[in-house]
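In the text below, chain A, chain B and the rest are named by the order of the sequence lines, each starting its count at 1.
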There are 2 protein chains.
Amino acid sequence: MSQAEDKSTKSPIEVSIPKAVVHRLSLYLRELQHLVREGNETTSSTTLGSRLGLTDARVRKDLAYFGQFGHPGIGYRCPELMGEIKRILGTDRQWQVAIVGLGNLGTALMGHRGFADQGFRVVAAFDCDPGKIGSKIHGIPVYHIDTLETVVRDARIKLGIITVPAKAAQTVADLLVAAGVDGLLNFAPVTISIPTGISKVGVDLAIELEQLSFDVVNRS
Amino acid sequence: MSQAEDKSTKSPIEVSIPKAVVHRLSLYLRELQHLVREGNETTSSTTLGSRLGLTDARVRKDLAYFGQFGHPGIGYRCPELMGEIKRILGTDRQWQVAIVGLGNLGTALMGHRGFADQGFRVVAAFDCDPGKIGSKIHGIPVYHIDTLETVVRDARIKLGIITVPAKAAQTVADLLVAAGVDGLLNFAPVTISIPTGISKVGVDLAIELEQLSFDVVNRS
DNA sequence: TAGATTGTTAATCGATTAACAATC
DNA sequence: TAGATTGTTAATCGATTAACAATC
């Protein structure tokens with residue numbers, strides 16, 4: 001029964017991966033980037049864990065979901081593990097990203113250094129303010145939202161960032177999906193509906209402050 | 001032994017509340033705000049849950065951590081429940097907030113509507129660019145970072161938002177803590193260390209995109 | 001070899017769901 | 001009363017931790 005167990009090749013999704021694990025994968029990647037900058041060639045689950053407030057067992061278990069990346073007695077080689085995590089997260093490639101809604105936040109995100117650093121390139125922005133359309137912000141062209149479908153298709157944009165007011169978010173989501181994007185990052189404080197097969201992540205910055213507020217009020 | 005069980009008054013922290021529960025509390029609050037805007041006076045755990053992709057049991061269980069807010073046969077009265085959640089989150093009051101680091105993101109957050117809507121008032125901003133100091137952005141005064149301690153104390157600022165580059169984040173965190181803030185919202189992509197008793201929430205926007213990327217690449 | 005550290009199994013812990021008596 | 005919906009208990013499910021043989 002256990003004749004030809006396929007050990008080395010973990011093909012995409014045999015077991016479904018908990019969201020928390022994927023999130024920590026990003027944390028590991030970020031920490032590895034720091035470690036490399038500090039001149040480390042290898043690291044260990046203990047180091048990685050203690051820097052992030054996790055147990056060493058947790059780190060090893062998380063990575064074990066995806067394969068065997070460590071070396072007993074040695075630890076993990078930083079560049080190697082970084083490569084593996086990027087491959088798993090899908091950031092071993094460049095993603096073309098569109099931003100819709102050029103209020104304060106949308107405009108800021110067009111120039112957000114952290115996106116470029118991790119392989120996300122904002123290549124188009126959309127708004128309906130005639131004063132902005134046709135201009136470039138942070139070197140990125142601003143288009144009228146009516147041209148979204150064409151521009152998104154032509155530029156092979158696969159991820160969309162929604163920074164419009166809450167009441168416009170669903171409409172914009174529908175537009176982006178119709179234009180063929182695969183995933184949406186939604187900053188509007190509403191739950192948007194999307195077809196199955198499309199991915200979605202929601203970020204509500206006020207919620208983060210609320211979590212902080214709770215913590216402050218209820219700490220012992 | 002079970003004589004004088006204290007049933008009605010759930011005093012702060014008997015059992016420690018899972019983070020996930022507190023996060024959903026914010027989601028409930030947001031959804032209740034929408035429901036009220038749509039003209040609903042009451043709602044149910046089923047409605048609330050299905051709008052957020054949760055089971056009704058989950059909603060009731062989450063709320064039960066904090067008390068009995070519902071009415072059997074009727075459901076939850078929206079304004080009542082909103083009030084309770086705000087009280088639990090600590091957003092039944094106004095918080096004075098400072099932002100440190102006026103790059104793209106910091107500047108944008110100074111005018112972020114969502115913060116004000118939930119009771120967070122950005123009352124001071126700090127940078128070290130002489131071109132910005134003394135000016136007002138979105139009506140908020142910009143100070144030199146050297147004056148942080150005085151300004152933060154005088155304005156009774158209890159929450160700090162860090163939007164400086166990664167390498168400056170720890171220094172800024174130390175400054176804010178020394179000035180007497182109780183909580184930090186950190187947008188720099190590093191783990192910052194803070195004394196016990198101080199609260200911290202970290203947001204790395206690139207991580208959110210990485211989670212999206214993973215989802216897109218690994219969906220079935 | 002001795003020391004370090006992995007990947008993985010078993011034991012623990014915690015969170016979620018299902019079910020239902022109690023209540024309006 | 002009948003229908004709706006709560007708060008809560010018990011059962012299930014999943015994630016975390018501890019421990020350790022295997023390996024460099």
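D/dA15 is paired with C/dT12 under the criterion used here, namely a Watson-Crick or G-U wobble arrangement in which both key atom distances are under 3.5 Å. In a base pair of the Watson-Crick type (N1 to N3 plus N6-O4 or O6-N4) or a G-U wobble (N1-O2 and O6-N3), with each distance short of 3.5 Å, D/dG7 is matched with C/dC20.
For B/I17 and C/dT16, the CD1 to C1' distance is 16 Å, given to the nearest whole Å.
In this structure, B/R24 does not reach the C/dA15 phosphate: none of its side-chain N or O atoms is under 4.0 Å from OP1 or OP2. The phosphate of C/dT8 has neither OP1 nor OP2 within less than 4.0 Å of any side-chain N or O from A/Y65. A close approach under 4.0 Å does not occur between any side-chain nitrogen or oxygen of B/S45 and OP1 or OP2 of D/dT5.
When the nearest nucleotides of DNA chain D are assigned to B/I74 and A/P72 by heavy-atom distance, the more 5′-ward of the two goes with B/I74. With DNA chain C read from its 5' end, the first of the two nearest nucleotides for A/R60 and A/G73 is the one closest to A/G73. Remark on DNA chain D: of its neighbouring residues A/A57 and B/D56, the 5'-side contact belongs to B/D56, judged by nearest-heavy-atom nucleotide. Mapping A/H71 and A/K61 onto DNA chain C by nearest heavy atom places A/H71 at the nucleotide closer to the 5' end.
Between the side chain of B/T163 and the backbone N or O of B/V100, at least one donor-acceptor pair lies under 3.5 Å. Between the A/D182 side chain and the B/V216 main chain, no donor and acceptor come within less than 3.5 Å of each other.
Residues A/V190 and B/H34 meet the side-chain proximity criterion, which asks for heavy atoms closer than 4.5 Å.
Between B/W95 and B/F120, the two ring planes are parallel [angle under 30°; tilted spans 30° to 60°].
Across all strands, A/T46 comes closer than 4.0 Å to no nucleic acid atom at all (heavy-atom distances).
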